[in-house]
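Take a look at the structure set out below.
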Amino acid sequence: MRKETLLTHIGCHPKDHRGVVNLPVYRGSTILFNNLAEFEAAESGTYPSPIYGRYGTRSVTELEEAMAKLEGADYGIVTSSGMAAIAVGLMAYLSTGDHLLMVDNTYGSCRKFCDGELKRFGVEVEYYDPLIGAGIKDLIKENTKVVYVESPGSLTIEMQDVPAIAKEAHARGCVVMGDNTWGTQLYYDSFAHGIDISISSMTKYVSGHSDLVMGLITCKKQHYPKLINCFRHTGSSPSADACYLAMRGLRTMAVRLKQHQENALKLAHWLKGREEVEEVFYPALPGAPGHDIWKRDFTGACGLFSFALKEGYSHDGLAAMLDNLDGFGMGYSWGGYESLLTPVMLGSYRTATKWPYKGYTLRIHVGLEDPNDLIDDLSRGFDRLKAAS
Ligand SMILES: *Cc1c(COP(=O)(O)O)cnc(C)c1O
């Protein structure tokens, strides 16, 4: 089955539920055993299905199987948030004295986890230039255990040469972890590009409706035991109700993403032609930074990208632009049906490299509105930017 078809079949078992199309919500903490033999099997780890709510009810395990299938993995682990997936992935593979190579433009909270928790536990964290490519080999040390990629990266959307990085990392015995939230299970094949452990925030396009926080780890068979143990010990499980919403989001994920991409491309083209704009960082836009890598490695693009304004606009101008938009909200997260526009505040989020653009950088999530309305709204915003600067 192709992925579009898969999305309409996975997790549906009408025969088990008197013909009802969708899987009911299995809320549960206690799961009862029929006899002592079953209880003893649970204690010794040989019981064939989940033994306790935190290990997942059917609401969770069906979603995990669905996500693994979609991403071409052997196993999926659904977590309470994207951050829980990142934390579990890193904790499962790093110990005191180990060295982690983390991409400099990683998701902000991931950086905070590395600088806060991992360093406190004695892990050596080193940030590297997202555009390093095969040059990563010069940074890999005897104790480097994990090389972490995120392509494109958060906020500044640099495309990484993941196959080149993975090749050098694997040659030196490192595990490659990658954040696939932007590419999604539909547009980027993590495993074909050398990623061993793929991590996603399902909060974004799997949910698609800004009503859910959830994460995902997918992997091939050899990595599952370490990950599942760390996941269970940290108690990072999702709720059954959240899993139901995620499964519901999956049904329309392919059509939503197509529309996000079409709208985003239209806005990216328009922005590129505006005199106020210095550069547009939408990898699917011909001529944009990283377009060649996107064309080589991805089969589609989502609705999230950034653009840099020319130098010289004032903070008052920026406020006049952003405070009075009708079609864009200003808030965290992305991947919902609605459009968002936020300033990019790099602050302390970058240490290995310097963002070269001097004007304000803005991050846009293009939703499912008619793009012409979004363009009109932005156009009025640019007028206010110029008038108040
Ligand atoms: C949102 C996000 C995360 C974290 O996901 P949560 O579900 O919010 O915990 C991780 N990586 C990327 C790229 C994200 O955008």
Side-chain angles (χ1 to χ4, degrees), residues 63 67 71 76-91 102-118 127 130 146 148-160 162 177-188 190 195 197-218 231 234-239 242-243 245-246 249-250 253 257 260 264 281-283 290 294 298 301-306 329 331-336 338-342 344-346 349-350 363-367:
L63 182 61
M67 296 312 297
E71 199 155 14
I77 300 172
V78 171
T79 58
S80 52
S81 68
M83 259 324 294
I86 291 172
V88 165
L90 290 172
M91 279 192 288
M102 173 57 68
V103 65
D104 201 26
N105 57 0
T106 192
Y107 181 68
S109 298
C110 173
R111 194 173 185 113
K112 286 178 184 164
F113 177 75
C114 292
D115 291 343
E117 281 64 38
L118 289 184
Y127 294 97
V146 175
Y148 192 102
V149 297
E150 187 182 320
S151 182
S154 279
L155 303 179
T156 44
I157 321 285
E158 289 96 334
M159 298 295 296
Q160 292 195 268
V162 173
M177 265 176 225
D179 188 318
N180 194 23
T181 306
W182 193 94
T184 80
Q185 289 67 43
L186 302 187
Y187 291 161
Y188 187 71
S190 293
I195 290 169
I197 295 164
S198 181
I199 287 169
S200 304
S201 169
M202 292 169 67
T203 307
K204 313 295 160 52
Y205 287 110
V206 174
S207 158
H209 294 76
S210 306
D211 54 3
L212 183 60
V213 174
M214 187 176 275
L216 173 72
I217 306 171
T218 57
F231 162 75
T234 52
S236 321
S237 338
S239 78
C243 290
L245 284 175
L250 280 180
M253 188 175 167
L257 272 169
H260 281 292
F281 311 103
Y282 188 48
W294 174 80
F298 286 67
C302 68
L304 185 83
F305 65 94
S306 294
Y332 293 109
S333 198
W334 47 283
E338 85 285 20
S339 289
L340 300 167
L341 188 63
T342 50
V344 168
M345 311 255 187
L346 290 176
Y349 282 144
R350 191 170 282 255
R363 188 182 78 164
I364 188 168
H365 177 254
V366 183

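Whatever order the structure lists them in is the order used to number ligands and atoms, beginning at 1. Positions are given from 1 along the sequence.
In summary, the aromatic rings of F305 and H260 are positioned with their centroids too far apart to meet the 6.0 Å limit. Note: Y188 and F298 meet the aromatic proximity criterion, with ring centroids under 6.0 Å apart.
Partners of A246 by side-chain contact (heavy atoms from CB on, under 4.5 Å), not counting sequence neighbours, listed by chain and number: L63, M202, V206, L212, M214. With sequence neighbours excluded, no residue satisfies ring-ring contact (aromatic ring centres under 6.0 Å, His included) with F231. Annotation: ring-ring contact (aromatic ring centres under 6.0 Å, His included) contacts of Y148 (sequence neighbours excluded): none.
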What verdict does the side-chain contact (heavy atoms from CB on, under 4.5 Å) test give for V103 and E158, after you've listed the backbone C-alpha separation in whole Å, the side-chain angles of each residue and the deciding distance to 0.1 Å? CA-CA 11 Å; V103 65; E158 289 96 334; over 6 Å; no
Do any nitrogen or oxygen atoms of ligand 1 lie under 3.5 Å from a protein nitrogen or oxygen, and which ones?
| unit_1 | atom_1 | unit_2 | atom_2 | d |
| --- | --- | --- | --- | --- |
| ligand 1 | 5 (O) | S201 | OG | 3.0 |
| ligand 1 | 7 (O) | G82 | N | 2.8 |
| ligand 1 | 7 (O) | S201 | OG | 2.9 |
| ligand 1 | 7 (O) | T203 | OG1 | 2.5 |
| ligand 1 | 9 (O) | G82 | N | 3.0 |
| ligand 1 | 9 (O) | M83 | N | 2.8 |
| ligand 1 | 11 (N) | D179 | OD2 | 2.7 |
| ligand 1 | 15 (O) | K204 | NZ | 2.7 |
| ligand 1 | 15 (O) | W334 | NE1 | 3.0 |

